[in-house]
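The model shown is predicted, which means the values in this text are computed figures rather than measured ones. Below, chains carry the letters A, B, ... as their sequence lines are ordered, and counting in each starts from 1.
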There are 2 protein chains.
Amino acid sequence: MLEYAEPDSAELDSVFHALADPSRRAMVDQLSRGTASVSQLAGPLSISLAAVVQHLHVLEQSGLVRSQKLGRVRTCAIQPTPLRVAEQWAADRRAAWEHHLDRLGDYLAQQPPDQRRKH
Amino acid sequence: MLEYAEPDSAELDSVFHALADPSRRAMVDQLSRGTASVSQLAGPLSISLAAVVQHLHVLEQSGLVRSQKLGRVRTCAIQPTPLRVAEQWAADRRAAWEHHLDRLGDYLAQQPPDQRRKH
DNA sequence: GGCATACTCAAGCATCCACTTAGGTATGCC
DNA sequence: GGCATACCTAAGTGGATGCTTGAGTATGCC
């Protein structure tokens, strides 16, 4: 029944941090439409190729991207699991909050109107 | 039909950045279970209250948390929308990648086996 | 071999980040 | 008024981040 391993804090740190930069998000976005080489990733970005390589390291360390080199060309591919880990973390907190609001609403609805001022 | 406004890069920057710190995530996690004062947020964390206030500013600037002061006490509440924005961004890229894999699979399945070596 | 391509690495630099301490203000209670 | 509580702000610090330039290495093609 274990669908997701509980993500440790360090994993969430690195995934959210990786996604917090617009250049890296653009790279992930491009990779979501298909694999790409390092220079293809650099193409749309107005930063040096060396900077792109550094961003790629960040993405690989977070697990969001994997790459392998064939000949001169390094081909990069997105990895869906860390995306889902981040997604799930946010969804869980949002669900908890909405559940909390529901219970609060039920509670308040049960109180007679002249008692509500106390809460 | 517009369900979500397209999030601008700056908003995603600030939301992902806010979530990239374990203390801030712990604060969001606590707030997902109900509102809390600043010192209640600081309670479980082993950092100074001043640091918690600074984290709170980051969370408020990202829109993840809102707060209001009543008397001496500032009460903080989570805001679900930025969580959903982050969630949706990740989900969209994951969906695009999975769709891409499907199309690639279909394409390869259409090729006669002796042609596949070319691709 | 010669040369372009596609990265890769290292050093340097300005900025940002998380955190602390020290001091401050506003509120509630006696 | 006196005092504790709850928060706020500023300044400083060590370390991480994003970027550049300059140089290097490996591969593919003629």
Side-chain angles (χ1 to χ4, degrees), chain A residues 8-31 34-78 82 118, chain B residues 9-31 34-78 118:
Chain A
D8 59 19
S9 189
E11 179 179 7
L12 289 166
D13 277 11
S14 70
V15 172
F16 281 124
H17 170 245
L19 295 177
D21 182 273
S23 300
R24 286 195 293 264
R25 276 201 311 282
M27 292 166 73
V28 169
D29 189 55
Q30 182 177 349
L31 290 174
T35 59
S37 70
V38 176
S39 18
Q40 283 173 334
L41 286 175
L45 301 173
S46 50
I47 55 177
S48 69
L49 207 155
V52 172
V53 171
Q54 287 169 17
H55 282 309
L56 184 59
H57 287 155
V58 173
L59 288 170
E60 293 207 61
Q61 287 198 332
S62 75
L64 281 160
V65 170
R66 274 198 202 165
S67 70
Q68 55 181 347
K69 200 162 183 176
L70 252 122
R72 286 181 298 180
V73 178
R74 177 172 296 278
T75 301
C76 307
I78 207 175
K118 288 186 177 176
Chain B
S9 188
E11 179 179 6
L12 290 166
D13 277 12
S14 69
V15 172
F16 281 124
H17 170 244
L19 294 177
D21 181 274
S23 300
R24 286 195 292 266
R25 277 201 311 281
M27 291 166 73
V28 169
D29 189 55
Q30 181 177 350
L31 290 174
T35 60
S37 70
V38 176
S39 16
Q40 282 173 333
L41 286 175
L45 301 173
S46 51
I47 55 177
S48 69
L49 208 155
V52 172
V53 171
Q54 286 169 16
H55 282 310
L56 184 59
H57 287 156
V58 173
L59 289 169
E60 292 208 61
Q61 286 197 333
S62 75
L64 281 160
V65 170
R66 274 198 202 166
S67 71
Q68 56 181 346
K69 200 163 182 176
L70 253 122
R72 286 181 298 179
V73 178
R74 178 173 296 279
T75 300
C76 307
I78 207 175
K118 289 186 176 177

*Do B/Val58 and B/Arg24 have side-chain heavy atoms sitting under 4.5 Å apart?*
yes

*asked:* List the residues meeting side chain to side chain donor-acceptor pair (under 3.5 Å) with B/Gln61, not counting sequence neighbours, and say none if there are none.
replied: none

Please set out all donor-acceptor pairs under 3.5 angstrom arising from side-chain atoms of residues 35-51 of chain A, sequence neighbours excluded.
unit_1, atom_1, unit_2, atom_2, d
A/Ser37, OG, A/Gln40, N, 3.1
A/Gln40, OE1, A/Ser37, N, 2.9
A/Ser48, OG, A/Ala51, N, 3.2

*Between SG of A/Cys76 and CG of A/Leu64, what distance do you get to the nearest 0.5 Å?*
12.5 Å

*Strand contacts (DNA chain D) in residues 18-27 of chain A, 4.0 angstrom heavy-atom criterion*: A/Asp21, A/Arg24

*Tell me: CZ of A/Arg74 to C1' of C/dC9, nearest whole Å?*
13 Å

*Using whole Å, report how far CD of A/Gln68 lies from C1' of C/dC7.*
16 Å

Each nucleotide N or O in nucleotides 23-27 of chain D that has a protein N or O under 3.5 Å away: list the pair and distance.
unit_1, atom_1, unit_2, atom_2, d
D/dT27, O2, A/Arg72, NE, 3.4
D/dT27, O2, A/Arg72, NH1, 3.3

*Give none if D/dA26 has no partner; otherwise give the nucleotide forming a Watson-Crick or G-U wobble pair with it, both distances under 3.5 Å.*
C/dT5

Cut-off 3.5 Å, no hydrogens considered: what does the side-chain donor-acceptor table look like for residues 67-74 of chain A, sequence neighbours left out?
unit_1, atom_1, unit_2, atom_2, d
A/Ser67, OG, A/Glu60, OE1, 3.4
A/Ser67, OG, A/Glu60, OE2, 3.0
A/Ser67, OG, A/Arg74, NH1, 2.9

Dump the pairs, protein N or O against N or O of nucleotides 13-16 of chain C, anything under 3.5 Å, distances to one decimal.
none

*Excluding sequence neighbours, so at least two apart, what forms salt bridge (Lys or Arg N to Asp or Glu O under 4.0 Å) with A/Arg25?*
B/Asp13

*Heavy-atom contacts under 4.0 Å between residues 42-51 of chain B and DNA chain C, which residues?*
B/Ile47, B/Ser48, B/Ala50, B/Ala51

_Short of 4.0 Å, heavy atom to strand atom, which residues of residues 53-66 of chain B count as contacting DNA chain C?_
B/Gln54, B/His55

*Roughly how far, to the nearest 0.5 Å, is the CD1 atom of B/Ile78 from the CE atom of B/Met27?*
11.0 Å

*So how far is it from B/Thr75 OG1 to B/Leu31 CG, rounded to the nearest 0.5 Å?*
10.5 Å

*Say you draw a straight line from OG of A/Ser62 to CG of A/Leu12; how long is it, rounded to the nearest 0.5 Å?*
11.5 Å

*Roughly how far, to the nearest 0.5 Å, is CG of B/Leu19 from NE2 of A/His17?*
13.0 Å

